[in-house]
Amino acid sequence: MIVKNPILTGFNPDPAICKAKDTYYIATSTFETFPGLNIYESKDLVNWKLIAHPLGDKFIDMTNNVPSSGVWAPDITYKDGIFYIVFSNVQTWSKGPFKDCFNYIISAESIYGPWSDPYLVNASGFDASLFHDEDGKSYFVNMEWDFRKGKGNPCFTGILVQEIDLERHTLVGQMHKVFRGTERGFVEGPHIYKKDGYYYLFCAEGGTGYNHAESVSRSTSIFGPYESHPDGLLISAKDTDASLQRAGHASLVDGGENGWYIAHLCSRPLNGRCILGRETALQNIIWKKDWPYLAHGSSVPREYYEVKNEIEPMDFNQEIHYDFLSKQFELDFQTLRIDMSPYAKRTKETLTLIGKQSFDSTYLQNTWQRRQQHFCCTFGCKLSYEPDYFGHLAGLIYRYQEGDLYLLYSTFDEEKGKVLRMLAQHEYETAYYPEVCIPYAGDIYLKIVVRYKEAQFYYSLDGKYYQSVGDVLDATMISDQFVKHGGFTGAFLGLYTSDSKYANQEAAFSNVYYKKLEDKEKC
């Protein structure tokens, strides 16, 4: 059976895959969104469903973390009936040579928790992982960041391996630098696997842009020396016209009768910009002379992979109308850096948000957002809001990060009363569009429609007849290829409110939905 890639659409970078009994799990990065860390589950390697965000308040505090910091590159493994997750909480990364990246371990008997308290392991580099050997020993693996080198590729100085006591959560013995990377540079994202007497070290290289790739090396000893793959790189889309670009950061799994697979990071660019961010795909793996290769005979990733059984693929996010007390809402919607539920009230039909700080804030911003997962989609709501001050704002937000966003919001004007406005912000430069003066005193319906490179806001007074607001927007600006101050995430659609008067004005959102659109479908 042929299955289309990517399997996890929209912002789902840095996949780590593992198998526990008869079930597969993938963990992906969440950066500054809360609660942190996406966990997906599949029984068949075809249908993947988001089931958990293990990192809540007791695990990390991301207050004032800069954009694209937070939870980087989690690893998930299963040993003797226990799940282990390793993750980095990166708090400093973009402005100078230093990276503050604390690496933690949590564990649980069930993927749904309860999870243990986080244990700090080290802070020598990010993208940490665990390897469990056949003799019962476990090892902690991470890239090393040497701030003395300045910035960029010279700071990625190799892969470190050290034994770890999982009961005491402490590193044991000597730290070994086992691999310094290939000529592609930027060696990171290490995972170790063992097969037929060899230790295989998988590493992401080349950075997360269009030079991204995955290298493989092997050794008969966990501490090396490691020899590089005879073809140099396992996977790379550099200098090709492949639809899946930026391929790398891979993780290996044995699919039993289906054979071997890697889960890897990829992106689908529109005019060179990837509005859906970095996504996750699968590729079939074969073994030749004790080396892994992509099964189709090329290092360029394919748009599909194969499984043996005929299984109906399902799109769990094709059309959703949200119940705010449902698990689906809790999984799909995330806040920024901290838990904002103390500043929200939920019933089955309504989500009421209390206005706090602005959309530029990294402290107490009341934005509830979900990933854009399709190139063509619509996201909308009904808004009940009575602003009486120009600092009262509530509406729909289409954002990449602070400084790069679009906002359609209801607010108050001293001369005109209640008005609807739109703004665009890029690199923190804010452009305001002419307001729409609406003769209404009650609820208003808002929506945004995204079709590939274009996005358009709309409003309605009755939920049936919609009028466009402002210009057609460039959706490709909501991408890490556009932002100049750095970014690793993707496009989000959300609900937003702020109050710069008393920080207590309420905005009630209802009828919230997300829908995939076909190319020519009316909305």
Side-chain angles (χ1 to χ4, degrees), residues 4 6 8-13 33 50 243 245 266-279 315-322 332-334 359 367-383 395-409 420-426 431 433 436 444-460 463 465-483 487 489-496 509 511-523:
K4 186 178 180 181
L8 307 180
T9 61
F11 167 53
N12 273 296
T33 57
L50 181 62
S243 62
Q245 290 288 327
C266 67
S267 287
R268 294 174 289 167
L270 298 174
N271 286 6
R273 294 178 181 174
C274 307
I275 64 171
L276 297 185
R278 296 175 300 154
E279 305 174 293
D315 186 341
F316 297 108
N317 295 280
Q318 190 160 349
E319 183 172 357
I320 305 170
H321 296 264
Y322 284 100
D332 286 358
F333 279 79
Q334 295 169 282
F359 47 74
T367 292
W368 294 59
Q369 61 181 22
R370 57 149 293 147
R371 288 165 296 118
Q372 180 185 343
Q373 293 181 273
H374 304 90
F375 284 116
C376 299
C377 64
T378 181
F379 175 76
C381 70
K382 181 171 77 170
L383 173 63
L396 294 185
I397 191 166
Y398 185 35
R399 72 187 299 277
Y400 182 87
Q401 59 187 14
E402 288 78 27
D404 295 281
L405 56 89
Y406 297 115
L407 179 66
L408 176 65
Y409 61 101
L420 192 63
R421 289 199 174 114
M422 189 181 83
L423 63 81
Q425 189 181 68
H426 297 299
Y433 290 78
V436 177
I444 187 171
Y445 295 82
L446 307 176
K447 72 177 179 180
I448 183 171
V449 175
V450 184
R451 292 192 185 278
Y452 298 107
K453 297 180 290 182
E454 297 182 343
Q456 178 79 66
F457 281 117
Y458 296 85
Y459 79 93
S460 171
Y465 301 101
Y466 282 84
Q467 296 288 325
S468 62
V469 181
D471 297 338
V472 174
L473 304 171
D474 183 357
T476 71
M477 290 185 176
I478 309 297
S479 70
D480 45 340
Q481 286 77 30
F482 177 80
V483 300
T489 57
F492 286 87
L493 300 156
L495 313 171
Y496 166 84
F509 297 89
N511 294 16
V512 174
Y513 63 90
Y514 174 89
K515 181 182 178 183
K516 174 185 177 182
L517 297 175
E518 301 304 325
D519 286 352
K520 297 182 181 180
E521 182 178 354
K522 292 182 179 181
C523 51

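Please read all numbers here as calculations on a predicted model, not as lab measurements.
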Taking every heavy atom of M422 against every heavy atom of L473, the minimum-distance pair comes out as CE-CD2, 3.8 Å
*Min side-chain heavy-atom separation L50-R371 under 4.5 Å*: yes
Applying ring-ring contact (aromatic ring centres under 6.0 Å, His included) to F316 and not counting sequence neighbours gives none
Output for pair (Q373 CD, K516 NZ), nearest 0.5 Å, gives 11.0 Å
dist Y514:OH -> Q318:CD (nearest 0.5 Å) comes out at 10.0 Å
### Message
Quick check against the 3.5 Å criterion: does Q425 have a side-chain atom that pairs as donor or acceptor with the backbone of G403?
### Response
yes
One should read off an interatomic distance between R370 CZ and T33 OG1, to the nearest 0.5 angstrom, of 13.0 Å
- Query: Where the side chain of D315 meets the backbone of N317, is there a donor-acceptor pair that is under 3.5 Å apart?
  - Reply: yes
* Asked: Side-chain contact, heavy-atom cut-off 4.5 Å: Y433 with V469?
  -> no
Is the F333 ring parallel, tilted or perpendicular to the F379 ring (thresholds 30°, 60°)?
tilted
dist C381:SG -> N511:CG (nearest 0.5 Å) comes out at 8.5 Å
- Heavy atoms, side chains only, cut-off 4.5 Å: are Q467 and V436 in contact? no
Taking atom types as modelled, is there a side-chain donor on S479 or R273 under 3.5 Å from an acceptor on the other?
no
d(L383 CG, L446 CG) to nearest 0.5 Å is 5.5 Å
### Query
Quick one: are L8 and E279 in side-chain contact, heavy atoms under 4.5 Å?
no
- prompt: Okay, side chain of Y459, backbone of L408: is any donor-acceptor separation there less than 3.5 Å?
  reply: no
### Query
Between L396 and Y458, is a side chain to side chain contact (heavy atoms under 4.5 Å, CB included) present by the stated rule, with each step listed?
CA-CA 10 Å; L396 294 185; Y458 296 85; over 6 Å; no
Check: Under 3.5 Å, is there a donor-acceptor pair linking the side chains of D332 and Y322?
Finding: yes
>> Can you confirm whether T367 sits close enough to L495 that some side-chain heavy atom of one is under 4.5 Å from a side-chain heavy atom of the other?
In response: no
Within the structure provided, determine whether I478 and V450 are in side-chain contact (heavy-atom separation under 4.5 Å).
no
Shortest non-hydrogen pair, S460 vs G463, comes out as OG-N, 2.8 Å
Exercise. Check whether any side-chain heavy atom of Y398 lies under 4.5 Å from a side-chain heavy atom of Q369, and answer yes or no.
Key: no
Q) Within the distance-only criterion (no hydrogens, no angle test), does the side chain of Q372 pair as donor or acceptor with the backbone N or O of L493 below 3.5 angstrom? A) no
Applying ring-ring contact (aromatic ring centres under 6.0 Å, His included) to F492 and not counting sequence neighbours gives F11
Hits for ring-ring contact (aromatic ring centres under 6.0 Å, His included) against F359, two or more places apart or cross-chain, chain-then-number order -> Y496
On a heavy-atom basis, the closest approach of K453 and N271 is NZ-ND2, 3.3 Å
* Can you check whether I448's main-chain N or O pairs, donor with acceptor, with T378's side chain at less than 3.5 Å? -> yes
Between P269 and S243 the two heavy atoms that sit nearest each other are CD-O, 3.9 Å
Problem - Donor-acceptor pair, side chain of R451 and main chain of E518, under 3.5 angstrom - result: yes
CG of D404 to CE of M477, rounded to nearest 0.5 Å, is 9.5 Å
Does the separation of the ring centres of Y400 and F482 fall below 6.0 angstrom? no
Any side-chain heavy-atom pair of F457 and L407 under 4.5 Å: no
